[in-house]
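Following: one structure in structure tokens, then a few remarks.
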Amino acid sequence: MEDKLVRLGKTITILLATTFLLSQCNSESPTKRNLEAGFINPPLENRPLAFWDWLNGYVDTARMVYELEEMKDKGMQGVLIWDVGALLDPGKMIPAGPAFLGEESLEYIALALKTSGRLGLNLGLISASSWNAGGDWIEEADASKELLSTNQIVTGPSRKKITIERPVSRRGKPEIYSLISSVVIPYSDSKEIDYTSDKTINLDEFTSDDKFIEWEVPEGKWDIISFFMCNTGQNLMCPSPNSNGLMIDHLSRKATKTHFDTMLGRLDKVSTPENRLKFLEVDSYEVWPAKDWTPGFVQEFKTRYGYDPTPYLPLLQGYSSKDSVVGKRFLGDYSRLVSDMMIENHFAQSSDIAEEHGMLMFAEAGHGGSARVDPLKALGNSHIPMGEFWNRQRHWVTKEAASAAHIYGKKVVASESLTGWNHWQHGPTNFKQLCDIVFCNGLNQVFFHTFAHNPEIAGKPGFVYHAGEHINVNTTWWEMAGPFMDYLSRCSYMLRQGNFVGDACLYYGDQAPNLVPPKRIDPNIKPIFGDSLCLHCGRPKPVDAGELPGYDYDYINADIITTTLTAEDGKLVLPTGQSYRVMLLPDRDDISLEVLKSLEKLVSDGAIVIGRRPERTTSLKNYPDCDTEVKTIADKLWGQCDGVKIFSNNYGKGTVYWGKSVKEVLEELNIPPDFEVKGIDNRDRHIDYIHRRTDTEDIYFVSNSNQKEEEFTCIFRVDKNWIPEIWDAETGLIQREVEYSNVENGISTEFIMDPLASRFVVFRNKSTGKNDAELNYDLQYGFHRKQKSGEIKETIDLTHHWKIRFNPEMGGPDSYQLEKLTSWSEIDHEGIRYYSGSASYSRDFSVGEETLSAGSEAFAVFGDIQEMARVFVNGNDCGIVWTPPYKARITPYLKAGTNSITVQVINTWNNRIVGDVRNPDKKPFTKTNAKIRFNEDSPLLRSGLMGKAEILFVNRK
């Protein structure tokens with residue numbers, strides 16, 4: 001009885017915790033006062049997460065505790081443990097740890113749980129050693145499967161006993177396979193099947209022991225095709241050395257349940273209601289490309305589509321249909337079933353299992369890997385949809401996760417963040433540029449890829465995963481990471497408020513796999529795919545809205561259209577209040593019959609739909625009667641509209657357009673752009689935005705991803721009676737004295753935005769009009785406006801005569817006299833040129849009594865800093881400087897007469913590693929498994945303080 005009460009208490013605790021976590025992911029907007037408080041100090045759930053890779057499963061417990069303490073200190077939310085093999089370790093530096101979720105591994109997880117609980121961090125776990133679900137507990141019956149076939153040519157008339165041959169894949173002969181069925185078709189050199197005249201004969205009744213076919217062969221030449229369900233034999237992608245195992249059959253409900261029940265059963269041994277995992281994660285789907293199969297697939301197909309797929313299976317094995325449309329429909333039905341079974345049995349079920357255990361599921365279920373699914377549906381069936389974006393690579397799929405979150409009513413949009421192969425080339429300033437772009441794609445939960453665990457034996461920079469920007473305690477600038485973490489947290493907090501504002505929803509068809517292309521990718525690389533293609537993967541966009549400057553949108557799928565979407569007051573509306581003004585259909589002549597039926601109801605109720613008239617369905621379900629039904633509904637909806645002479649048709653309360661773009665229709669409906677940029681060429685959208693709306697605010701995030709200052713005008717489509725405030729996520733400060741004017745389409749404001757800067761523009765029905773007292777420069781017109789307008793009272797040049805102290809343990813001189821600020825990489829001193837780490841610049845300067853008047857502010861300003869700096873004046877900490885314009889307010893710490901300034905500057909690891917590689921005969925200063933990524937020709941990076949440095953005395957407002 002006592003055990004039952006304990007279990008009941010634990011269950012109640014888990015249910016309450018899950019309810020709380022779900023409320024955090026789907027919470028309503030806070031009050032006005034709480035909004036400001038949350039912006040200043042964002043709650044834990046808004047702060048960055050990271051993949052905490054335990055490379056090769058090896059753990060140093062003392063360092064583990066230290067790393068968690070450092071995460072808390074720098075303002076992270078927590079991490080997800082990732083047991084994974086060291087893909088990059090040519091020197092075999094990284095020892096092998098214990099088997100994942102074995103007794104020793106569980107002891108490590110228990111310590112991590114206890115420590116994170118003590119610190120108030122959230123801890124999660126990637127749901128396999130490496131990815132994509134599986135382990136040594138998975139038996140062959142639950143392992144990944146595919147469809148293979150053999151074929152034999154026979155001639156008749158004659159009676160033959162045919163031995164069914166063993167299937168072979170491109171990976172060899174499968175160890176485990178079973179016969180599904182055998183069919184025979186008339187032989188064709190071109191392997192073409194005419195389904196209108198050729199009869200596909202099923203040979204199952206003539207088959208014995210799944211090995212032999214005894215058949216009276218008719219006259220002619222025949223092609224016997226036997227189909228097999230075969231285990232692929234695929235193991236986990238790159239598990240730690242003692243953790244290999246089979247990958248599961250992701251279409252199987254039983255396999256997914258077995259996997260998670262086993263994992264969670266082991267984790268229960270070290271979990272308590274107080275100290276337990278908060279998250280699980282399933283990573284991007286990178287299972288081998290194959291014709292996916294699972295037990296019961298044929299029966300499931302018959303149940304859902306109403307016909308036997310067996311005669312059409314040759315189309316999955318290199319044969320074609322003479323009627324290509326028939327072939328395309330069957331292949332569509334097959335792929336849709338694979339998608340639905342994978343979503344229902346894996347992604348949705350694993351999320352349900354996680355929820356039952358008091359956890360939330362992150363799912364990278366989109367088209368970042370070898371996806372088989374409708375990504376919006378797969379992502380929408382997780383608790384937290386998750387995409388990815390890379391540094392200096394094209395792999396950006398966060399818009400997909402954002403659309404899924406918006407249409408499925410999820411508040412949190414996560415993304416595997418800053419993956420790449422750059423290895424200490426960049427720091428927070430560069431990372432901010434990319435994060436701001438992805439924020440405009442809908443991101444509101446940063447998830448660093450990766451934060452590698454570094455045992456004491458690793459040295460520095462230490463052990464790293466092969467891909468990622470290595471944001472961990474060993475990065476040179478870690479001690480200054482706090483403001484970067486706070487910035488990301490404030491942005492995430494604001495971008496979870498209310499609902500996303502988009503004018504269009506783009507229906508991307510019912511095919512699987514499918515994709516949502518990114519709006520933009522990293523501007524530091526040149527796209528390799530054209531505008532009509534997805535910038536991430538190069539596949540054609542499933543639906544293309546064309547240019548929509550100033551309008552935003554979501555993609556939408558058949559699932560939401562047929563089950564959730566309604567039309568109210570001329571808008572397309574979801575239960576969360578998310579709404580759109582128009583829907584765009586794909587430019588194709590087929591459509592899901594179920595979707596078309598829903599569109600008829602939506603348009604009748606007042607929706608605006610744009611697209612060509614469909615002629616047939618996408619499926620063989622109820623063929624050919626289904627096509628007649630499509631034509632009947634289409635004739636009602638499109639009427640005489642032909643897209644050439646007649647461009648619209650009214651139906652019920654709504655309208656269907658054909659032959660007009662989304663932009664043209666929105667303009668015809670008198671819906672102006674939500675955000676306009678005037679005064680500059682913004683065709684590349686380097687001035688970008690995203691808009692969210694609460695009951696009491698319109699919140700715009702506006703970003704300048706350009707490396708230079710930009711002066712422009714913004715027009716916001718908001719109530720003209722509302723008042724703008726400018727909120728700065730870098731500092732948490734608010735400017736309420738904003739110059740603006742009412743214009744025809746809303747409110748216009750002028751901006752001079754610093755390089756790589758961003759602002760939240762918050763519109764409310766009233767404002768105090770008083771800036772935060774700590775605000776010391778103009779968020780609307782930028783820091784340099786006073787310089788340009790002649791409001792500088794005095795300047796003191798600090799460009800020359802600095803003494804720099806380096807760390808000799810990293811090869812630098814104890815001190816060096818620098819006559820003029822320049823990059824360390826350009827100084828003729830090997831210890832400085834190859835230096836990485838922290839160095840302190842110092843010098844004195846004099847200030848006259850009359851300069852220190854009450855009406856001025858003083859700033860130390862630097863032309864360039866690589867990567868970060870902390871400024872001290874007369875021993876007082878003036879803060880960390882990490883974004884342009886590189887400035888620190890020093891007003892409170894100045895005195896008349898001689899003053900001292902010290903600037904602690906930190907660069908990245910690159911130069912020291914390059915120096916070690918260029919001097920192989922000398923003792924290296926660095927130790928890392930990633931040194932192989934560098935060579936003698938690797939460039940040195942600009943480092944330190946560069947350009948002009950000065951003290952500016954400016955008039956206060």
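The analysis underlying the following values was restricted to heavy atoms, covering all of them including side chains, and did not include hydrogens, waters or symmetry mates.
Side chains of Trp390 and Glu388: a donor-acceptor N/O pair is present below 3.5 angstrom, by distance only. No hydrogens or angles considered: nothing links the side chains of Glu45 and Asn122 as a donor-acceptor pair under 3.5 Å. For the residue pair Asp552 / His691, no side-chain donor-acceptor distance below 3.5 Å is found, with atom types taken as modelled. Under 3.5 Å, the side chains of Thr926 and Lys460 contain no donor-acceptor pair of N or O atoms. Checked by atom type, the side-chain pair Arg520/Ser705 shows a donor-acceptor distance below 3.5 Å. Side chains of Arg392 and Gln425: a donor-acceptor N/O pair is absent below 3.5 angstrom, by distance only. If you check the side chains of Glu730 and Thr883, you find a donor sitting under 3.5 Å from an acceptor. Side-chain N/O atoms of Tyr66 and Asn454 include no donor and acceptor closer than 3.5 Å. Donor-acceptor pairing under 3.5 Å is lacking for the side chains of Asp486 and Ser489. Under the 3.5 Å distance criterion, with hydrogens and angles disregarded, a donor-acceptor pair is assigned to the side chains of Asp864 and Gln866. Residues Asn474 and Asn472 have side chains that never bring a donor and an acceptor to within less than 3.5 angstrom of each other. Side-chain contact check for Asn56 and Ser240: no donor-acceptor pair (N or O, by modelled atom type) lies under 3.5 Å. Between the side chains of Ser825 and Ser823, at least one donor N or O lies within less than 3.5 Å of an accepting N or O. One side chain, Trp52 or Glu67, offers a donor N or O that lies under 3.5 Å from an acceptor on the other. When only modelled atom types and interatomic distance are considered, Asn911 and Ser943 share a side-chain donor-acceptor pair under 3.5 Å. No side-chain N or O of Asn441 forms a donor-acceptor pair with one of Thr398 less than 3.5 Å apart. Checked by atom type, the side-chain pair Glu867/Trp882 shows no donor-acceptor distance below 3.5 Å.
To the nearest 0.5 angstrom, Trp421 atom CH2 is 7.0 Å from His466 atom NE2. To the nearest 0.5 angstrom, Ser415 atom OG is 12.5 Å from Leu49 atom CG. Of the inter-residue distances, the one linking His383 atom NE2 with Leu280 atom CG reads 10.0 Å to the nearest 0.5 angstrom. Atom CG of Leu495 is separated from atom CG of Asn46 by 10.0 Å, given to the nearest 0.5 angstrom.
Looking only at distances, a side-chain donor or acceptor of Ser836 sits under 3.5 Å from a matching main-chain atom of Trp909. Under the 3.5 Å distance criterion, the side-chain polar atoms of Asn132 are matched with a main-chain donor or acceptor of Glu286. Remark: side-chain polar atoms of Asp83 are not paired, donor with acceptor, to backbone N or O of Trp54 under 3.5 angstrom. Remark: side-chain polar atoms of Arg394 are paired, donor with acceptor, to backbone N or O of His536 under 3.5 angstrom. Asp283 places no side-chain N or O within 3.5 Å of a backbone atom of Trp131 that could act as its donor or acceptor partner. At distances below 3.5 Å, not a single donor-acceptor pair connects side-chain atoms of Asp688 with backbone N or O atoms of Val702. Within the 3.5 Å criterion, the main-chain N or O of Gly837 finds a donor-acceptor partner in the side chain of Asn907. Not a single donor-acceptor pair under 3.5 Å links the side chain of Ser758 to the backbone N or O of Ser703. Without hydrogens or angle criteria, Thr475 side chain to Ile471 main chain gives no donor-acceptor distance under 3.5 Å. Within the 3.5 Å criterion, the main-chain N or O of Met810 finds a donor-acceptor partner in the side chain of Arg912.
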- Item | Stepwise side chain to side chain donor-acceptor pair (under 3.5 Å) test for Asn524 and Gln433 | CA-CA 10 Å; Asn524 302 290; Gln433 178 196 37; 2.9 Å; yes
- Under the side chain to side chain contact (heavy atoms under 4.5 Å, CB included) criterion, do Arg47 and Tyr493 qualify, and how do the steps go? CA-CA 8 Å; Arg47 293 186 169 274; Tyr493 171 78; over 6 Å; no
- Task: Mind running side chain to side chain donor-acceptor pair (under 3.5 Å) on Ser532 and Lys541 for me, showing each step along the way?
- Result: CA-CA 6 Å; Ser532 64; Lys541 294 179 181 178; over 6 Å; no
- Tell me, with the steps shown, if Glu469 and Asn422 meet side chain to side chain donor-acceptor pair (under 3.5 Å). CA-CA 7 Å; Glu469 294 307 328; Asn422 296 280; 3.2 Å; yes
- Message: For a salt bridge (Lys or Arg N to Asp or Glu O under 4.0 Å) check, start with the C-alpha distance between Asp754 and Arg759, then their side-chain angles and the critical distance, and finish with the verdict.
- Response: CA-CA 10 Å; Asp754 299 320; Arg759 304 282 184 263; 3.7 Å; yes
- Could you check Phe451 against Trp478 for ring pair (Phe, Tyr, Trp, His ring centres under 6.0 Å), going step by step and ending with a plain yes or no? CA-CA 11 Å; Phe451 191 117; Trp478 176 254; 5.5 Å; yes
- Residue pair Asp554, Ser403: steps toward the side chain to side chain donor-acceptor pair (under 3.5 Å) verdict: CA-CA 5 Å; Asp554 275 327; Ser403 286; 3.2 Å; yes
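Looking at Glu710 and Lys708, a side-chain N of the basic residue comes within less than 4.0 Å of a carboxylate O on the acidic one, giving a salt bridge. Contact check on Arg918 versus Asp937 returns no salt bridge, with no Lys/Arg side-chain nitrogen under 4.0 Å from an Asp/Glu carboxylate oxygen.
With sequence neighbours excluded, the residues satisfying ring-ring contact (aromatic ring centres under 6.0 Å, His included) with Phe447 are Phe51, Phe362. Partners of Arg692 by side chain to side chain donor-acceptor pair (under 3.5 Å), not counting sequence neighbours: none found. Annotation: ring-ring contact (aromatic ring centres under 6.0 Å, His included) contacts of Tyr689 (sequence neighbours excluded): Phe675. In this structure Phe463 satisfies the ring-ring contact (aromatic ring centres under 6.0 Å, His included) test with no other residue, sequence neighbours excluded. Under the side chain to side chain contact (heavy atoms under 4.5 Å, CB included) criterion, Ser838 pairs with Gln904, Ile906, sequence neighbours left out.
Screening residues 523-537 for salt bridge (Lys or Arg N to Asp or Glu O under 4.0 Å) gives no qualifying pairs among residues at least two apart or on separate chains.
Cation-pi geometry between Lys887 and Phe783 is satisfied (NZ or CZ under 6.0 Å from the ring centre, within 45° of the ring normal). The cationic atom of Lys399 (NZ for Lys, CZ for Arg) lies less than 6.0 Å from the six-membered ring centre of Tyr553 and within 45° of the ring axis.
Between Trp424 and His470, the angle of the ring planes lies from 30° to 60°, which puts this pair in the tilted group.
Ring centroids of Trp82 and Tyr465 are separated by less than 6.0 Å, placing the two rings close together. Taking the ring centroids of Tyr58 and His453, they lie at or beyond the 6.0 Å cut-off.
For the ring-ring contact (aromatic ring centres under 6.0 Å, His included) with Phe806, the lone residue among Trp824, Phe925, Tyr841 that qualifies is Trp824.
Taking 4.5 Å as the limit, every side-chain heavy atom of Thr908 sits out of range of all side-chain heavy atoms of His426.
Atom CD1 of Ile932 has 12 or fewer neighbouring heavy atoms from other residues, nucleotides or ligands inside a 6.0 Å radius.
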